[in-house]
Amino acid sequence: MIPRVHKRGSRTIGLLHYLYGPGTHEEHTDPHLVAAWDSLAPDPGRDPEATLKELQQLLDQPVDALPAGRCPDQHVWHLSVRAAPEDPVLTDEQWGDIARRMVAATGIAAGDDPAACRWAAVRHADDHIHIIATTVREDGRKPRLHNDAARSQAEARLIEADYGLRRLNAGDKTAAQRPTSAERHKAERTGRTRTAREELRETVRRAVAGAVSDAEFFDRLGASGLLVVRRVAPSGDLLGYKVALPEDRNKDGEPIFYAGAKLAPDLSLPRIRQRYGREEAPDEATVSSPHSGEERPGPSQARRSATGAVWTALLVIDQDDDSAAAAQIADAGEVLDALAKTSAAHTRRELSDAAFAFERASRSHIRAERQQDRVLRQAARDLVRGGPALGRGEDGAGTAMVIDMLFFLVITAAAWHAKKDHAQQAAAAQQAAEYLRAAYLNAAVAPLGVLRERGRRLAPPLQRRYGSALREAVPDLAQRVLDEAGWPALAATLAEAEAAGHEVGPLLAEAASRRELDTAESMSDVLVWRLRRLADLPAAAGTGPRPRSTKPSTVRSGRAFVPGQSGHKRDQPTPSQ
């Protein structure tokens, strides 16, 4: 159940006309009262003798009784309360009870207060009501409405429990502003799956991913096709910006602009500049522009680098430094945005949905230590500059590899948020993990299919030798791995690693020690991607071995929460670490 305190107004009759009218898109049906300060209050929706003017005069009576000059300018209070789509349709009596609880909780009218404000609750749809009140009490005093929005939210959580409705997670005021009902109706009318506000937020986040200067950020915004207006001080300093979709216009044909801060708290220009590692805009002359001679990694190289960066981020989160962990989680969102922007068609939708969902998990009240997040931000930058992936061969397998690691990071973020009682962020991360699971299935089928076929063609003595090495590395889990459909792919990877000069036993032991395996549905898949990264093998089989890395391994082992996974066929790859 979602309550929303709207901006206060000055015309009681104007709001009543809206509540009892057809709606901006003819969406209002059978408007009528379900509760009011007085059980005998007139109902213009059901009583043909009652009028809106009569109801307005009664609501405004305490306001009009004030001496001249004491009447508040904005005296009309408005609260809407909406049920979740999956909730049952409530009766008028139930909505009336909810309205009385809401006006009591917010300070409009306690049940035992004879001098409380006057109010009325109007229902014009199955799933929500509107409560209108005038903010002058019968005794002429003002009501105590401080923090009324938060109090309405707290009461909504109690109502959900009492009525058996969908339980929503408590917020912490770090969420992006929700689209208004008018914005939602407009999106439906124009055939859009998301509102203009949501589309703009997604586009701006992708423009931010890995950017290192204002110039690069605004170049990306312009290239995305948005209308951009910069806010400049008289001194010439850039203060902010606002964006609009070219086709999103008001009734006068003018573009509807949204300031960055209105899209999300972390998309204001000062907050974006913090991502550069500076409070102020950097000197553009010292920063490589998107069109300078800066070396561009290829899509495959960018994905491989991102896999290592995500692993480094996991190690930082393990160190129990909240500010550093918050920075890694925030910039994991940038990597997801960059990957979605450059993904191939068969993974684009799922990755976009994952990035869209994880946006909520990327913010909390824990201040991110921006000096700790350079590796992930560089990975996001490399992904953007590396360009779109074809989705096959080396970059297709590289996509599967980085998605597998991102799945692990997102689940770790969900656990971290849950530990901190960040309920909305934890739920958003879990939702993002489900989208990443789907993206991984699409990305990994082809490269793992090639590996499995190669593994099946290995000579039986070679397969037995690799099986023995597996039993030495993970004696308690080896039989489960050998019984998995993905074992041939793991055997083929071990063969490639051995051909590249690695000792199979120590390599397997190192891969198995990195993090737990027994929570994974497909442990063989997990080991395949770990081994290919550790041994510096090409992500896709058959593209030639890479030279063995000479860098010493500094990765330590750790553990992270991973939810149970089920519902996939045994011959399908699944992301799990």
Side-chain angles (χ1 to χ4, degrees), residues 298-308 311 389-405 440 443-474 477-478 481-515 517 520 522-553 555 571 573-577:
S300 303
Q301 180 186 348
R303 279 151 175 74
R304 193 173 191 87
S305 297
T307 302
W311 178 258
L390 298 175
R392 56 180 182 269
E394 176 70 3
D395 68 39
T399 298
M401 183 185 291
V402 72
I403 292 174
D404 179 73
M405 191 62 72
Y440 176 84
V445 167
L448 285 182
V450 172
L451 281 172
R452 289 176 184 179
E453 184 58 32
R454 290 189 171 208
R456 293 186 187 102
R457 294 202 299 264
L458 290 176
L462 198 58
Q463 293 190 37
R464 288 194 293 270
R465 182 158 64 82
Y466 294 149
S468 297
L470 181 68
R471 287 189 173 90
E472 290 183 12
V474 284
L477 302 175
V481 176
L482 292 168
D483 290 339
E484 287 180 350
W487 159 245
L490 176 55
T493 297
L494 290 171
E496 282 189 64
E498 192 170 46
H502 294 275
E503 295 185 26
V504 168
L507 189 66
L508 259 176
E510 184 178 2
S513 68
R514 291 289 171 110
R515 283 182 180 266
L517 286 171
S522 177
M523 293 184 288
S524 53
D525 281 10
V526 173
L527 288 171
V528 162
W529 299 124
R530 288 186 189 177
L531 289 170
R532 301 193 79 82
R533 186 174 62 84
L534 284 171
D536 204 21
L537 299 175
T543 54
R546 295 174 180 267
R548 184 173 179 179
S549 174
T550 59
K551 294 181 180 180
S553 174
V555 181
D571 60 348
T574 56
S576 179
Q577 226 95 359

Q | With sequence neighbours excluded, residues passing side chain to side chain contact (heavy atoms under 4.5 Å, CB included) with A306 | A |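 Scan of A306 (side chain to side chain contact (heavy atoms under 4.5 Å, CB included), adjacent residues dropped) gives A379, L383, V402.
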Taking side chain as C-beta onward, heavy atoms only, is [X] less than 4.5 Å from [Y]?
| X | Y | answer |
| --- | --- | --- |
| L451 | E496 | yes |
| L494 | L470 | no |
| M405 | W529 | no |
| D536 | R304 | yes |

At their closest point, which heavy atom of [X] faces which heavy atom of [Y], and how far apart are they?
| X | Y | value |
| --- | --- | --- |
| A397 | A540 | CB-N, 3.5 Å |
| A492 | G455 | CB-N, 3.7 Å |
| P299 | A389 | CB-CA, 4.2 Å |
| A443 | I403 | CB-CD1, 4.1 Å |
| A497 | L507 | CB-CD2, 3.6 Å |

Quiz item: Which pairs pass salt bridge (Lys or Arg N to Asp or Glu O under 4.0 Å) with one or both residues in residues 462-472, sequence neighbours excluded?
Solution: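 Counting only pairs at least two positions apart or across chains, the salt bridge (Lys or Arg N to Asp or Glu O under 4.0 Å) contacts touching residues 462-472 are R465-E498.
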I'd like to know if the side chain of [X] and the backbone of [Y] have a donor-acceptor N/O pair within less than 3.5 Å.
| X | Y | result |
| --- | --- | --- |
| R532 | A539 | yes |
| D395 | L390 | yes |
| E484 | S524 | yes |
| Q463 | L458 | yes |
| S305 | A302 | no |

So, taking the atom named [atom1] in [X] and the one named [atom2] in [Y], what distance separates them when rounded to the nearest 0.5 Å?
| X | Y | atom1 | atom2 | answer |
| --- | --- | --- | --- | --- |
| Y440 | D404 | OH | CG | 5.0 Å |
| L490 | R530 | CG | CZ | 11.5 Å |
| H502 | L531 | NE2 | CG | 10.0 Å |

Charged N to carboxylate O below 4.0 Å: is that the case for D525 and R452? yes
